[in-house]
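Residue numbers start at 1 and run along the sequence shown. What's counted below: heavy atoms across the whole structure, side chains too, no hydrogens, waters or symmetry copies.
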Amino acid sequence: MTESTEGTLSVHRALATAFRTVYDHPVPMVAISVGWVLASLPLVTVGPSTLCAYAAVRSVREKGYVNRPEIATTLRNHWLDAVLFSGLMAVFPVIAVLYMDQFITAGTGYAGLFGAVGVYLAYHAWVVFALAFVSLASGTDVVDAVTNSYRWSVERPVVTVLVGIVTGTLFVVCTLLTIALPLVFPALAATFHTELTADSLRPVGN
């Protein structure tokens, strides 16, 4: 089976399982989504709230309920890492936007080139750090979380592209459904990412 076919099937399986998990556990999943939205409102808390969302999703996936003490431990151990992750996820898009804006307004060739490279780096960094959140939530240390997620993305180029496409599609659909955006999207996206990498990013010894 080719990497393309295998990757596409793995994405389909992860997405189907994510929908089923949300359907089977609507109350905790809605609570996770709403909690993430409210906790992220100050913006500087986006990283820690995202880490908690992934930890909560993992808890529901493995135990069927939100294990608050476990989530609190994860947050205590990795809140600073989560802040750093969210900051880095924002830096690359900002750089890409600045260069693309310069290219559009001034027509500078190098700005267009750097802007295109910046878009690619922003996308790849977003995937890597999103998956690194999954690893942190599973108890992996920060260095291994980033390196394993980067290696995962490089070894699975087709899936890496599909992760962004599927996540973006879910966001658009939930936005069009209005109320589904704050009630469903955060938990659904986190569950999709977790299911997709459940085995390949599992910490050693688990």
Side-chain angles (χ1 to χ4, degrees), residues 18 29 31-61 66 68 70-101 115 117-154 160-161 163-172 174-175 181-198 201 203:
M29 286 300 181
I32 291 170
S33 294
V34 174
W36 180 85
V37 171
L38 295 177
S40 298
L41 289 178
L43 296 183
V44 294
T45 58
V46 169
S49 62
T50 300
L51 175 62
C52 288
Y54 278 106
V57 161
R58 185 177 184 85
S59 177
V60 172
R61 177 181 181 272
V66 176
R68 295 183 180 179
E70 200 172 85
I71 295 170
T73 299
T74 300
L75 180 62
R76 184 170 58 252
N77 292 338
H78 296 294
W79 70 269
L80 186 58
D81 301 326
V83 171
L84 178 62
F85 282 8
S86 61
L88 290 174
M89 291 175 78
V91 167
F92 288 108
V94 169
I95 293 175
V97 168
L98 290 176
Y99 275 117
M100 292 305 293
D101 178 68
V117 173
V119 169
Y120 167 77
L121 291 177
Y123 178 84
H124 199 175
W126 179 86
V127 173
V128 169
F129 285 114
L131 300 184
F133 272 115
V134 177
S135 289
L136 285 184
S138 69
T140 307
D141 68 78
V142 61
V143 174
D144 286 341
V146 175
T147 55
N148 291 344
S149 297
Y150 175 76
R151 188 180 302 113
W152 187 97
S153 69
V154 171
T160 299
V161 172
V163 169
I165 293 174
V166 172
T167 304
T169 301
L170 291 176
F171 177 80
V172 171
C174 289
T175 300
L181 184 62
L183 294 183
V184 177
F185 174 73
L188 180 59
T191 305
F192 167 58
H193 299 158
T194 300
E195 289 294 339
L196 187 61
T197 60
L201 293 182

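Here the side chains of P48 and V83 are in contact, with some heavy-atom distance below 4.5 Å. Counting only heavy atoms from C-beta outward, the side chains of L121 and I95 never approach each other to under 4.5 Å.
Separating the CG atom in L41 from the CH2 atom in W36 is a distance of 9.0 Å, to the nearest 0.5 Å. Distance check, rounded to the nearest 0.5 Å: CG of L131 to CG of L136 gives 11.5 Å. Rounding to the nearest 0.5 angstrom, the gap separating the CG atom in D141 from the NE2 atom in H78 is 7.5 Å. Between L183 atom CG and C174 atom SG the span is 9.5 Å, to the nearest 0.5 Å. To the nearest 0.5 Å, atom OG of residue S86 and atom CZ of residue F133 are 5.5 Å apart. Residue L196 holds its CG atom at 12.0 Å from OG1 of T191, rounded to the nearest 0.5 Å.
Counting non-hydrogen atoms of neighbouring residues, nucleotides and ligands closer than 6.0 angstrom, the CZ atom of F171 reaches no more than 12 such neighbours.
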Apply side chain to side chain contact (heavy atoms under 4.5 Å, CB included) to F185 and T167, showing your working.
-> CA-CA 9 Å; F185 174 73; T167 304; 4.2 Å; yes

After noting the C-alpha distance and the side-chain angles of L84 and V142, does the key distance pass the side chain to side chain contact (heavy atoms under 4.5 Å, CB included) rule?
-> CA-CA 10 Å; L84 178 62; V142 61; 5.9 Å; no

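In this structure a side-chain-to-backbone donor-acceptor pair under 3.5 Å is missing from T140 to A145. Listed for the S40 side chain is no donor-acceptor partner under 3.5 Å among the backbone atoms of V37. A donor-acceptor pair is defined here as one N or O able to donate and one able to accept, closer than 3.5 Å; no such pair exists between the side chain of S59 and the backbone of A55.
Results of the ring-ring contact (aromatic ring centres under 6.0 Å, His included) test with F129 over Y150, F85, F92, Y123 single out F85 as the only residue that passes. Shown are I71, T194, T74; of these, the side chain to side chain contact (heavy atoms under 4.5 Å, CB included) with Y54 is made only by T194. W152 pairs with exactly one of V134, T197, T147 by the side chain to side chain contact (heavy atoms under 4.5 Å, CB included) rule, that one being T197.
Contact record, A18 with E195: N-CG, 4.4 Å, taken as the closest heavy-atom pair. The shortest heavy-atom contact between M89 and A130 is CE-N, 4.2 Å. Scanning both residues, V184 and S33, for their nearest heavy atoms gives O-OG, 3.4 Å. Scanning all heavy atoms of the two residues, the minimum distance from A90 to P93 falls at O-CD, 3.3 Å.
H193 and W126 have perpendicular rings, their planes meeting at more than 60° on a 0 to 90° scale where under 30° would count as parallel.
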